[in-house]
*Asks:* 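Before we start, here is the structure in question, set down as structure tokens.
FYI, side chains are in, hydrogens and waters are out, and symmetry mates aren't considered; it's all heavy atoms of this structure. We count ligands from 1, going down the list as the structure has it; atoms in each ligand are counted the same way. What you see is a predicted model, and the numbers here were worked out from it, not measured in a lab.
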Amino acid sequence: MYPDRVVSGMRPTGALHLGHYHGALKNWIRMQAEMPCLFFVADWHALTTNYDDPSQIEASTWEMVIDWLAAGVDPSEATLFIQSRVPEHAELHLLLSMATPLGWLERVPTYKDQIEKLSHKDLTTYGFLGYPLLMAADVLIYRATQVPVGEDQVPHVEITREIARRFNHLYGKEKGFEEKAQEAVKKLGSKRAKMYNQLRTEFQQKGKEDALEQAKAMLDDAQNLSMIDRERLFGYLEGSRKLILVEPQARLTESSRLPGLDGQKMSKSYGNAIALREDKDSVTRKIRTMPTDPARVRRTDPGDPEKCPVWQLHQVYSDSATKEWVVTGCKSAGIGCLECKQPVIDAVLKEQEPMRERAQQYLDDPSLVRAIIADGCDKARKLAQETMRDVREAMGLSYS
Ligand code: TRP
Ligand code: SF4
């Protein structure tokens, strides 16, 4: 009943690297052409772990937004904004917190993991425990249907779904709902009304999911319903509640196939990353000094691509002819490692060329970035305010 909508956020980490591009960003760029997308800088989420040193947040935010734009995230297609500039996220977070059992948050697998992993920090804070709930608010406030995330974030989308369900259950009650829903059924016209009732019974009594889907599709087609009746009929299908918040689906970002310079996962903290807009000389130098198969001590020693991180880069960047050239040349010592690396260097530089170009205008005139974000914040805020009106009303806070 609510249209498809994508929401995703990224913590402001400063300059992004090619791993981010081949993982999350390519995915965003694909989705922005398919349906309405909202992408935001999760600056409050950064504070949950970095509350003791907020000095980098602003600079990191602007740098990251420039990287989004450089990579091809298009502000004429997607809405780009900063979480803390849409304070309604905080209001929803607060209201959801009233009805969120502590145990749900304590049991999120990342919670204890992160506390252990980041043991040099004191993360036994209220804010850090609430991390997944804040994320739930980010998503639910836009009634997002899809959330592109990496594997590590899937439990957070799962808890978001549970929170939406609980909210609808607790607050979707409406006086005389049953009667109003039945009135709405009549408005479907006798043929459709009969079908609706049949499908509803099939779903509720026999749990037939396809009956539910069929009924939803029918409601999507029914032109003569008001928004409120439509909402009731959707809710009535699954129970006797209004659906105020939408349960989103996780859309898994396939983890980047792009390894770092040492063959491990690319990460700034491992020191094995190439930044999205790294300068050409530095890219060339980094790839030239990458480790290769340790068996190739001398130029005349044959090697094995399977033992070489350069080969993994060829997997991403090279066509089959080049890859064949690598395998043959490496195993026979027919090519040297520097020779082998050159096509990778060329391909990375070529991939980065349009990114550097797109970024230049924003570096020359930072007010462009400010304007894109201001516009995105306005748009996001309007959507957030619509949901908050319904949420406040459902929770008895509309004071009209
Ligand atoms: N927690 C996410 C991460 O660390 C970032 C994030 C915050 C997010 N809010 C979100 C992602 C809402 C998707 C939807 O990657
Ligand atoms: Fe690696 Fe290429 Fe050298 Fe073989 S020739 S070890 S694949 S860099």
Side-chain angles (χ1 to χ4, degrees), residues 5-13 16 20 23-25 27-28 31 37-50 64 81-84 86 89-90 92-93 108 110-111 114 128 130-142 144-161 248-253 261 263 287-315 318 322-345 380:
R5 188 179 283 162
V6 173
V7 169
S8 197
M10 239 185 240
R11 278 171 295 172
T13 50
L16 300 181
H20 294 116
L25 288 175
N27 211 17
W28 285 15
M31 292 182 115
C37 289
L38 294 122
F39 300 130
F40 68 95
V41 181
D43 56 347
W44 280 334
H45 278 98
L47 279 174
T48 62
T49 51
N50 282 357
M64 186 168 81
F81 67 99
I82 296 172
Q83 182 184 37
S84 66
V86 185
H89 289 225
L92 184 56
H93 177 218
V108 171
T110 45
Y111 180 60
Q114 288 289 96
F128 187 67
Y131 188 109
L133 192 63
L134 181 56
M135 187 161 155
D138 297 337
V139 171
L140 297 176
I141 203 160
Y142 300 106
T145 54
Q146 301 188 39
V147 187
V149 283
E151 198 149 13
D152 60 319
Q153 299 292 316
V154 171
H156 296 158
V157 179
E158 201 42 55
I159 195 174
T160 300
R161 293 168 59 83
Q249 303 281 338
R251 282 266 298 250
L252 202 61
T253 304
L261 293 161
I287 299 177
R288 282 180 161 235
T289 54
M290 268 178 78
T292 60
D293 177 359
R296 294 205 73 180
V297 182
R298 273 161 303 215
R299 165 72 174 79
T300 48
D301 297 329
D304 178 0
E306 295 302 331
K307 295 180 180 146
C308 175
V310 180
W311 175 238
Q312 295 184 52
L313 294 184
H314 276 293
Q315 306 285 352
S318 298
T322 310
K323 285 191 274 192
E324 228 173 275
W325 170 79
V326 172
V327 173
T328 318
C330 180
K331 289 185 170 169
S332 64
I335 58 172
C337 289
L338 278 180
E339 230 177 302
C340 178
K341 287 169 171 177
Q342 194 56 48
V344 172
I345 295 173

*Asks:* Decide side chain to side chain donor-acceptor pair (under 3.5 Å) for H314 and T322; before the verdict, give the C-alpha distance in whole Å, the side-chain angles of both, and the deciding distance to 0.1 Å.
*Replies:* CA-CA 8 Å; H314 276 293; T322 310; over 6 Å; no

*Asks:* N or O contacts of ligand 1 with protein under 3.5 Å, please list pair by pair.
*Replies:*
{"from": "ligand 1", "atom 1": "1 (N)", "to": "Y131", "atom 2": "OH", "distance (Å)": "2.8"}
{"from": "ligand 1", "atom 1": "1 (N)", "to": "Q153", "atom 2": "OE1", "distance (Å)": "2.9"}
{"from": "ligand 1", "atom 1": "4 (O)", "to": "R11", "atom 2": "NE", "distance (Å)": "3.1"}
{"from": "ligand 1", "atom 1": "4 (O)", "to": "R11", "atom 2": "NH2", "distance (Å)": "3.0"}
{"from": "ligand 1", "atom 1": "4 (O)", "to": "Y131", "atom 2": "OH", "distance (Å)": "3.0"}
{"from": "ligand 1", "atom 1": "4 (O)", "to": "Q153", "atom 2": "NE2", "distance (Å)": "3.4"}
{"from": "ligand 1", "atom 1": "9 (N)", "to": "D138", "atom 2": "OD2", "distance (Å)": "2.7"}

*Asks:* Keeping S8 on the side-chain end and P148 on the backbone end, is there a donor-acceptor pair under 3.5 Å?
*Replies:*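 Present.
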
*Asks:* To the nearest 0.5 angstrom, please state how far the NE2 atom of H93 sits from the CG atom of D138.
*Replies:* 9.0 Å

*Asks:* Within a reach of under 6.0 Å around CD of E151, are more than 12 heavy atoms found that belong to other residues, nucleotides or ligands?
*Replies:* no

*Asks:* For M290, does its backbone N or O pair with a side-chain atom of K341 as donor and acceptor, under 3.5 Å?
*Replies:* yes

*Asks:* So, at under 2.8 Å, which protein N, O or S atoms would a careful student list around atom 1 (Fe) of ligand 2?
*Replies:*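 Listed by chain and number, the atoms are C308 SG.
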
*Asks:* How many angstroms lie between atom CD of Q83 and atom CZ of R11, to the nearest 0.5 angstrom?
*Replies:* 11.0 Å

*Asks:* Applying the side-chain contact (heavy atoms from CB on, under 4.5 Å) criterion to P248, which one of T160, T145, V7 satisfies it?
*Replies:*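 Output: one option passes, namely T160.
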
*Asks:* Using modelled atom types and a 3.5 Å cut-off, is there a donor and acceptor pairing between side-chain atoms of N27 and backbone atoms of A24?
*Replies:*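 Not confirmed, N27 side chain does not pair with A24 backbone.
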
*Asks:* Return the NE2 to OG distance between H89 and S84, rounded to the nearest 0.5 Å.
*Replies:* 9.5 Å

